[in-house]
J.: 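One structure, pasted below without further comment.
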Amino acid sequence: MFSKVFVSTALLLTLSLQVHGHAAIAPVLGVAGAPARSDVQRPSAAAACGKTNVAATIDTSTPVVAAADGTFSATVTNFNGGADGSRKVTASVDATGAGKTFSAITVSQNGDAAPADVGSQPLTAALPAGTKCTGGKAGNLCLVSFKTTAGFGNCVVVQQGAAGAAAANSTAGAAAAGGAAGAAAAGGAAGAAAAGGAAGAAAAGGAAAAPAASGAAAATTAKKGANKAAGAKAAGAKAAAHKAAAGQQANKAAGQKKAKAAAGTRAPRALIDAIEARGEETFGAVKRGFASWIWA
């Protein structure tokens, strides 16, 4: 019976140490001053700040101030030694301060994973380049969740100063400008390619136009030759027609001349025939008169 009581007591003590031991990272969200065992939380994916009410404590908690490059410092304190009291952490940030969406960040200075004693170690982490904190009433708070390798930790409020906000805006502007420059460069490359294509097309067009021009010139020459031949043929036909017309006119003139000559010949002949006829008639009359005289 005594042994059972002893075992139960030892188990409860162990569980108590596991619940209230371990480590916290200061300044703890919702805690004023140095943290105690009871301030330790168990951060999870569903509740990165454990059971702490983020909305009710973000503006009243002590923040750490991030430098212009986004780096900030915190302090990890363990409450028992060994791996269970690990002071080695991982960290993630919610730039909106709502405690719902976290992204991993780099921890450049970390604590021991299995310290032999209890105590504190400094931590250094950094907000990613271009991060702009927008949480809290002032709109300049980020929420960072720290978690040890043993699974314990809590959230810390990080305040971003004007220089940090300006650096974030500058980084965002540079990224946008880089994107615009990249787009412009791509556009320029595309324009150059298009110009090259146009030049190539023009060259190809010129190359294609050269044979076409030669063909056109040949066609023009052939057409001129055909026109010339047709003109020569037409001139020959016209000359032949003129020659034929001249021949016809010459034949007509010759016929007219011959007819006239014939007419000239017929007139004297008719005159002669008329004289001869009258002569015969006169001779007959003389003859008849002479006969009448004789026989009278």
J.: Decide yes or no for S61 and V31: does some side-chain heavy atom of the first lie under 4.5 Å from some side-chain heavy atom of the second?
T.: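 In short, these two side chains do not touch, never coming nearer than 4.5 Å.
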J.: Look at the side chain of D59 and the backbone N and O of G136, then say whether any donor-acceptor pair between them is shorter than 3.5 Å.
T.: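 No; zero donor-acceptor contacts below 3.5 Å.
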J.: Tell me the closest heavy-atom pair linking P43 and G151, and the distance in Å.
T.: CD-O, 3.8 Å
J.: Rounded to the nearest 0.5 Å, what separation is found between the CD1 atom of I25 and the OG1 atom of T75?
T.: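 Going from the CD1 atom of I25 to the OG1 atom of T75 covers 10.0 Å.
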J.: How about F79 and V40: do any of their side-chain heavy atoms sit closer than 4.5 Å?
T.: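 Answer yes - side chains close enough.
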J.: Taking a hydrophobic cluster as the set of Ile, Leu, Val, Met, Phe, Trp and Tyr residues connected by side-chain heavy atoms closer than 4.5 Å, whether directly or through intermediates, do L143 and I105 fall within one such cluster?
T.: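 No; I105 is not reachable from L143 via cluster members.
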J.: To check you understand the geometry: which heavy-atom pair defines the closest contact between A66 and V158, and what is its length?
T.: CB-CG1, 3.9 Å
J.: Are I58 and L141 packed together at the side-chain level, in the sense that at least one heavy-atom pair is separated by less than 4.5 angstrom?
T.: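 The answer is yes, as the side chains (C-beta and beyond) meet within the 4.5 Å cut-off.
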J.: Under a 4.5 Å cut-off applied to non-hydrogen side-chain atoms, are N110 and V89 in contact?
T.: yes
J.: Testing the basics here: between C142 and A95, what is the closest heavy-atom pair and its distance to 0.1 Å?
T.: SG-CA, 3.7 Å
J.: For F152, is there any backbone N or O sitting under 3.5 Å from a side-chain donor or acceptor partner on T148?
T.: yes
J.: Can you check whether A113's main-chain N or O pairs, donor with acceptor, with S86's side chain at less than 3.5 Å?
T.: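 Yes.
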J.: Considering only residues two or more places apart or on different chains, which pairs with a residue in residues 26-109 satisfy disulfide bond (SG atoms under 2.5 Å apart)?
T.: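 Pairs touching residues 26-109 that pass the test: C49-C155.
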J.: Hydrophobic clusters here meaning ILVMFWY residues chained together by side-chain heavy-atom distances under 4.5 Å, can you tell me if V28 and V54 are in one?
T.: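 No.
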J.: Nearest 0.5 Å please: distance from the NZ atom of K51 over to the CD atom of Q41.
T.: 7.5 Å
J.: Please check this pair: side chain of D94 against backbone of G99, looking for a donor-acceptor N/O pair closer than 3.5 Å.
T.: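 Between the backbone of G99 and the side chain of D94 there is a qualifying donor-acceptor contact (under 3.5 Å).
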J.: Looking at OG of S103 and CG of L127, how far apart are the two atoms once the value is rounded to the nearest 0.5 Å?
T.: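 If we round to the nearest 0.5 Å, S103:OG and L127:CG are 11.5 Å apart.
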J.: Between T57 and N53 (side chain of the first, backbone of the second, donor and acceptor by atom type, cut-off under 3.5 Å), is there such a pair?
T.: yes
J.: Counting N and O atoms only, with roles assigned by atom type, does the side chain of Q109 sit under 3.5 Å from a partner on the main chain of S73, one being a donor and the other an acceptor?
T.: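 No, because the side chain of Q109 does not come within donor-acceptor range (under 3.5 Å) of the backbone of S73.
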J.: I want to check something: taking the side chain as every heavy atom from C-beta on, are P27 and V156 in contact at a cut-off of under 4.5 Å?
T.: yes
J.: Which heavy-atom pair separates A150 from A83 by the least distance, and what is that distance?
T.: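 Taking A150 first and A83 second, the nearest heavy atoms are CB-O, 3.5 Å.
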J.: Check the hydrophobic clustering (I, L, V, M, F, W, Y; side-chain heavy atoms under 4.5 Å; chains of links allowed) and say if V76 and L29 are grouped together.
T.: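 No; tracing contacts between hydrophobic side chains, which count when under 4.5 Å, never links both residues.
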J.: Under the salt bridge (Lys or Arg N to Asp or Glu O under 4.0 Å) definition, can you give me all pairs with a residue in residues 108-122, not counting sequence neighbours?
T.: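 Sorted result for residues 108-122: R87-D112, R87-D117.
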J.: So how far is it from Q121 CD to N78 CG, rounded to the nearest 0.5 Å?
T.: 8.0 Å
J.: Kindly write out the residues that satisfy side-chain contact (heavy atoms from CB on, under 4.5 Å) with T101, not counting sequence neighbours, or none if the list is empty.
T.: none
J.: If you measure from CG on D39 to OG1 on T52, what distance do you get to the nearest 0.5 Å?
T.: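 Going from CG on D39 over to OG1 on T52, the span is 8.5 Å.
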J.: Looking only at heavy atoms, which two atoms of A24 and N154 are closest? And how far apart?
T.: CA-OD1, 3.5 Å
J.: Hey, quick one: are V157 and V93 part of the same hydrophobic cluster, counting side-chain heavy atoms closer than 4.5 Å, chains of contacts allowed?
T.: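 As far as the 4.5 Å side-chain criterion goes, V93 and V157 are not connected within one cluster.
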J.: Any chance you could measure N140, atom CG, to Q159, atom CD, to the nearest 0.5 Å?
T.: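 Here the interatomic distance stands at 5.0 Å.
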J.: For residues A74 and A26, report the shortest heavy-atom separation together with the two atoms involved.
T.: CB-O, 3.4 Å
J.: Should N80 and R37 be marked as a side chain to side chain contact (heavy atoms under 4.5 Å, CB included) after you check the CA-CA gap, both sets of side-chain angles, and the distance that decides it?
T.: CA-CA 10 Å; N80 59 289; R37 276 183 193 273; 4.2 Å; yes
